[in-house]
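The sequence lines fix the lettering, A, B, ..., with proteins before strands; numbering per chain opens at 1.
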Protein chains: 2
Amino acid sequence: MKDIAQRAGVSESAVSFALNDRPGVSEITRDRIRRVAEQLGWRPSTAARALSGEGSATVGLVVARPAASLGVDSFFLQLISGIQEVLAERQLGLLFQVVEDVTAECAVYRRWWAEHRVDGVLVVDPRTDDPRAELLDELGLPGVVIGALPGSDTGPHPGLSQVRADDAAAMAAIVGRLHELGHRRIVHIAGLPTLAHTDRRIRSLRIEADRRGLAEAHSVTTDYSDTEGAAVTRRVLEQSVPPTAIIYDNDVMAAAGIAVIAGLGISVPRDVSVVSWEDSALCRLTAPWLTALSRDTVAFGRIAARELTALLDGGAARTVQVPLPGLIERGSTAPAHGG
Amino acid sequence: MKDIAQRAGVSESAVSFALNDRPGVSEITRDRIRRVAEQLGWRPSTAARALSGEGSATVGLVVARPAASLGVDSFFLQLISGIQEVLAERQLGLLFQVVEDVTAECAVYRRWWAEHRVDGVLVVDPRTDDPRAELLDELGLPGVVIGALPGSDTGPHPGLSQVRADDAAAMAAIVGRLHELGHRRIVHIAGLPTLAHTDRRIRSLRIEADRRGLAEAHSVTTDYSDTEGAAVTRRVLEQSVPPTAIIYDNDVMAAAGIAVIAGLGISVPRDVSVVSWEDSALCRLTAPWLTALSRDTVAFGRIAARELTALLDGGAARTVQVPLPGLIERGSTAPAHGG
DNA sequence: CCATGGAACTCAAGCGCTTTAGTCGCTGGT
DNA sequence: ACCAGCGACTAAAGCGCTTGAGTTCCATGG
């Protein structure tokens with residue numbers, strides 16, 4: 001900046017004003033300064049900026065999952081690439097970290113906060129009992145929760161926006177469709193019991209089942225892995241009166257499930273219908289192809305990031321709903337037959 | 001720090017020395033200062049640190065792939081989680097960005113460099129003609145290339161380490177095994193032609209084929225998607241004399257391929273053997289299970305990150321080889337039958 | 001008994017930017 | 001002719017840390 005000031009024949013302050021679109025310099029000088037800066041290929045040092053009170057121009061994202069269970073999902077990278085689209089517009093960096101559990105995640109937030117490393121964070125995988133909201137409140141670190149915290153509609157958390165998928169409505173849609181097809185015995189092979197959305201889906205299933213008077217409707221929680229998905233599928237189908245439809249909380253388990261079912265000599269979709277709560281290439285690699293709930297994960301990321309930038313700009317925290325995912329019917333669902 | 005200095009009854013410099021394990025303070029004072037710092041929950045501001053000449057304690061990783069093709073691979077997140085393990089030990093942050101293409105990637109490096117945002121970078125997906133190495137040289141930004149640049153064994157790039165998988169040897173191993181099983185017609189459904197390792201695999205296949213006098217051995221490049229994998233598989237099997245073995249450059253295409261093959265009424269592994277160059281849960285979701293080349297991607301990430309920290313510590317650039325991946329033989333490979 | 005040296009510690013500058021409190025010169029009103 | 005007021009610009013402090021050049025004090029050797 002000193003260079004620029006010298007070459008443009010002004011003071012450093014003038015340069016700062018000019019380059020930050022602040023009043024205090026004439027348009028002529030501003031232009032001149034801009035030109036010199038451009039010519040010199042100048043970029044502000046984030047460190048210096050951060051030091052003098054501006055933010056660090058960085059937002060954080062930490063995902064707390066064991067390495068093994070990370071790869072299976074296509075969810076995260078999609079989400080991140082949506083987030084990036086928005087952050088890139090504002091030249092915001094994304095500080096990314098993967099840790100083992102929520103405790104470690106909280107430690108990371110604390111550290112980032114103390115080190116002034118991030119201006120805000122994106123929180124994923126909200127839990128039924130989540131310490132993170134409170135921590136962020138305490139630190140005064142703006143954040144947006146991707147997928148909603150339990151119970152909090154507007155949320156008692158002043159600095160926390162939420163971007164939520166309406167899991168209840170989505171579950172209702174699936175159950176509605178299966179009911180329409182004549183299914184009266186449904187099993188839901190859910191994900192991690194600690195996650196808030198797992199809880200919501202389970203609850204919604206029960207409500208819908210009651211409302212429609214289904215003969216059977218229960219949920220079993222898993223760790224999202226193909227292994228557990230397969231094991232639970234086997235167990236469920238060996239019941240004396242097996243279900244006629246199974247809802248899987250992700251694509252990996254659905255695919256694993258469909259393989260197991262075939263192995264048992266049971267036909268999909270004649271004997272049992274299968275729905276995957278997550279669409280991906282995987283859903284077209286099975287035989288038959290998987291009927292799946294298809295949400296636009298990239299858009300989800302975009303929305304979340306936009307919410308965060310709004311917060312950083314001083315906007316108030318709020319809760320936004322993303323569009324309801326659509327049920328893409330492929331070969332794995334069909335009318336229930338008398339059985 | 002001022003606080004700490006005051007409470008410990010010393011100057012700020014003493015605090016700095018003490019907390020950075022630099023000589024110039026007695027052990028007693030050092031301990032006292034440490035205790036006070038701890039008690040106050042002090043963490044150095046990265047901004048201030050960076051400003052006064054230390055690095056930014058951050059490394060960068062940018063992946064240049066369209067959003068759509070990101071999710072299919074389990075590769076990246078695995079890699080990243082390996083990287084993180086090592087970075088976490090040193091409290092280094094990972095600045096992550098996904099962009100559309102290499103040009104944009106270069107722009108990001110330039111920006112990061114100008115803004116002093118990162119101390120070094122990890123470069124993935126090296127290409128046959130890669131502008132990035134030269135750029136990093138020019139900027140003097142330390143980097144480690146994950147997967148090796150073409151041709152450069154030691155590399156003429158002073159600040160660039162390389163962590164390479166020995167693709168040639170791996171290909172040789174696969175071809176060797178298939179040859180042993182009696183296969184004489186092999187097709188290799190490769191990935192993106194611009195990637196350096198694609199090139200190396202193709203070249204290695206040709207060499208091995210010549211050495212062993214195979215009747216047919218050729219490669220077809222794709223974009224790694226299930227769609228192209230499926231399309232190419234169909235085309236290849238409709239040849240007048242179809243291959244008896246197919247090698248796919250990733251798990252997604254292999255799975256898609258095996259589905260297509262079944263659809264054509266051809267039996268795996270009786271009529272055609274299938275090998276996947278990448279192991280994942282997906283390889284156990286197909287029927288039969290996929291024989292796959294299994295590398296430890298998490299370890300790969302760890303090694304790369306360690307190489308980068310070595311570089312940041314002032315070590316010299318070097319090229320390290322990761323262990324040869326093993327071929328896990330599952331149901332998709334078998335002896336070729338007379339044909 | 002003084003010079004010497006080294007260990008322990010302090011001073012102050014400086015990293016690159018922002019920002020507050022000016023200074024300067026001009027216009028317009030009286 | 002004089003001052004208020006405004007726009008354009010400068011001076012300098014400060015953000016939190018590092019660091020090289022001191023300063024002080026004590027132990028040691030001649």
Side-chain angles (χ1 to χ4, degrees), chain A residues 1-34 36-38 40-58 91-93 111-119 312 314, chain B residues 1-34 36-38 40-58 91-93 111-119 312 314:
Chain A
M1 263 183 60
K2 212 184 298 181
D3 256 26
I4 301 180
Q6 209 157 11
R7 302 200 192 194
V10 294
S11 71
E12 274 188 64
S13 331
V15 175
S16 177
F17 290 144
L19 262 20
N20 290 307
D21 291 322
R22 242 177 271 282
V25 268
S26 64
E27 270 315 310
I28 310 185
T29 332
R30 194 182 296 270
D31 269 5
R32 182 156 36 96
I33 293 176
R34 278 217 195 93
V36 178
E38 174 117 7
L40 260 51
W42 177 87
R43 300 249 68 208
S45 144
T46 29
R49 267 237 163 109
L51 195 51
S52 43
E54 305 289 273
S56 55
T58 308
Q91 313 258 70
L92 288 171
R111 193 155 59 74
W112 280 352
W113 172 81
E115 294 177 353
H116 299 285
R117 257 177 180 284
V118 298
D119 299 337
L312 295 182
Chain B
M1 263 184 58
K2 213 183 301 181
D3 255 25
I4 301 179
Q6 210 157 10
R7 302 198 192 197
V10 293
S11 71
E12 275 188 63
S13 331
V15 176
S16 176
F17 290 143
L19 264 18
N20 290 308
D21 291 322
R22 240 177 272 282
V25 267
S26 64
E27 270 315 310
I28 309 183
T29 329
R30 194 183 296 272
D31 268 4
R32 181 157 36 95
I33 293 177
R34 276 216 195 95
V36 178
E38 174 116 6
L40 261 52
W42 177 87
R43 300 250 68 209
S45 144
T46 28
R49 266 237 162 107
L51 195 52
S52 44
E54 304 291 271
S56 54
T58 308
Q91 313 259 67
L92 288 170
R111 193 154 60 74
W112 280 353
W113 172 81
E115 295 177 355
H116 299 285
R117 256 178 181 285
V118 298
D119 299 337
L312 296 181

Base, sugar-phosphate or nothing for B:S45? Non-hydrogen atoms, less than 4.0 Å. sugar-phosphate
May I ask you to say what B:V15 touches in the nucleic acid, namely base, sugar-phosphate or nothing, with a heavy-atom cut-off under 4.0 Å? nothing
Between D:dT10, C:dG16, D:dG16, which nucleotide gets closest to the side-chain atoms of A:S11? D:dT10
Does A:W42 or B:A14 map to a spot on DNA chain C nearer the 5' end, using the closest nucleotide for each? B:A14
Given B:R117 and B:T58, is the side-chain contact (heavy atoms from CB on, under 4.5 Å) satisfied, shown in steps? CA-CA 7 Å; B:R117 256 178 181 285; B:T58 308; over 6 Å; no
Quick check for you: among D:dC17, D:dT10, C:dC17, whose closest atom lies nearest to any side-chain atom of A:P44? C:dC17
Does A:R49 put a side-chain nitrogen or oxygen below 4.0 Å from OP1 or OP2 of C:dG16? no
Nucleotide D:dG16, atom P - distance to CG of B:L40 in whole Å: 14 Å
B:E12 CD to C:dC9 C1', in whole Å, measures 14 Å
Out of C:dC17, C:dT20, D:dA8, which has the shortest distance to the side chain of A:S26? D:dA8
Sugar-phosphate, base or nothing in reach of A:R43, heavy atoms under 4.0 Å: sugar-phosphate
Ignoring hydrogens and geometry beyond distance, is the side chain of B:S13 in donor-acceptor contact with the base of C:dC11 at under 3.5 Å? yes
Side chains of A:E54 and A:T46: does their closest heavy-atom pair fall under 4.5 Å? no
In whole angstrom, give the distance that lies between atom CD1 of B:I28 and atom P of C:dA8. 9 Å
Would you mind reading off the distance between B:L51 atom CG and C:dG14 atom C1', rounded to a whole angstrom? 9 Å
Nucleotide of C:dT18, D:dG20, D:dT18 approaching B:M1 most closely (side-chain heavy atoms): D:dT18
Which is true for A:G24 with a 4.0 Å heavy-atom rule: it touches a base, it touches only sugar-phosphate, or it touches nothing? base
What is the distance from CG of B:N20 to P of D:dG20, rounded to the nearest Å? 13 Å
C:dC15 C1' sits how many Å from B:E115 CD, rounded? 17 Å
Could you give the NZ-to-P distance, from A:K2 to D:dT10, as a whole number of Å? 16 Å
Check whether A:S16 reaches the backbone of A:E12 with its side chain - one donor and one acceptor, N or O, closer than 3.5 Å. no
Let's go through B:I33 and B:R7 carefully: what are the C-alpha distance in whole Å and the side-chain angles of both, what is the deciding distance for side-chain contact (heavy atoms from CB on, under 4.5 Å) to 0.1 Å, and is it a yes or a no? CA-CA 9 Å; B:I33 293 177; B:R7 302 198 192 197; over 6 Å; no
Among D:dT18, D:dC15, C:dT19, which is the nearest nucleotide to the side chain of B:S52? D:dT18
Taking atom C1' of D:dT19 as reference, at what distance in whole Å does atom CG of B:D21 sit? 16 Å
Does A:R22 have a side-chain nitrogen or oxygen under 4.0 Å from the phosphate oxygens OP1 or OP2 of C:dT18? no
Remember a base hit wins even if backbone is also touched, and classify A:E54 as base, sugar-phosphate or nothing at under 4.0 Å, heavy atoms. sugar-phosphate
Answer yes or no: side-chain N or O of A:T29 and base N or O of D:dA8 forming a donor-acceptor pair under 3.5 Å. no
Do the side chains of B:R43 and B:Q91 get nearer than 4.5 Å, heavy atoms only? yes
A:L51 versus A:H116: any side-chain heavy-atom pair under 4.5 Å? no
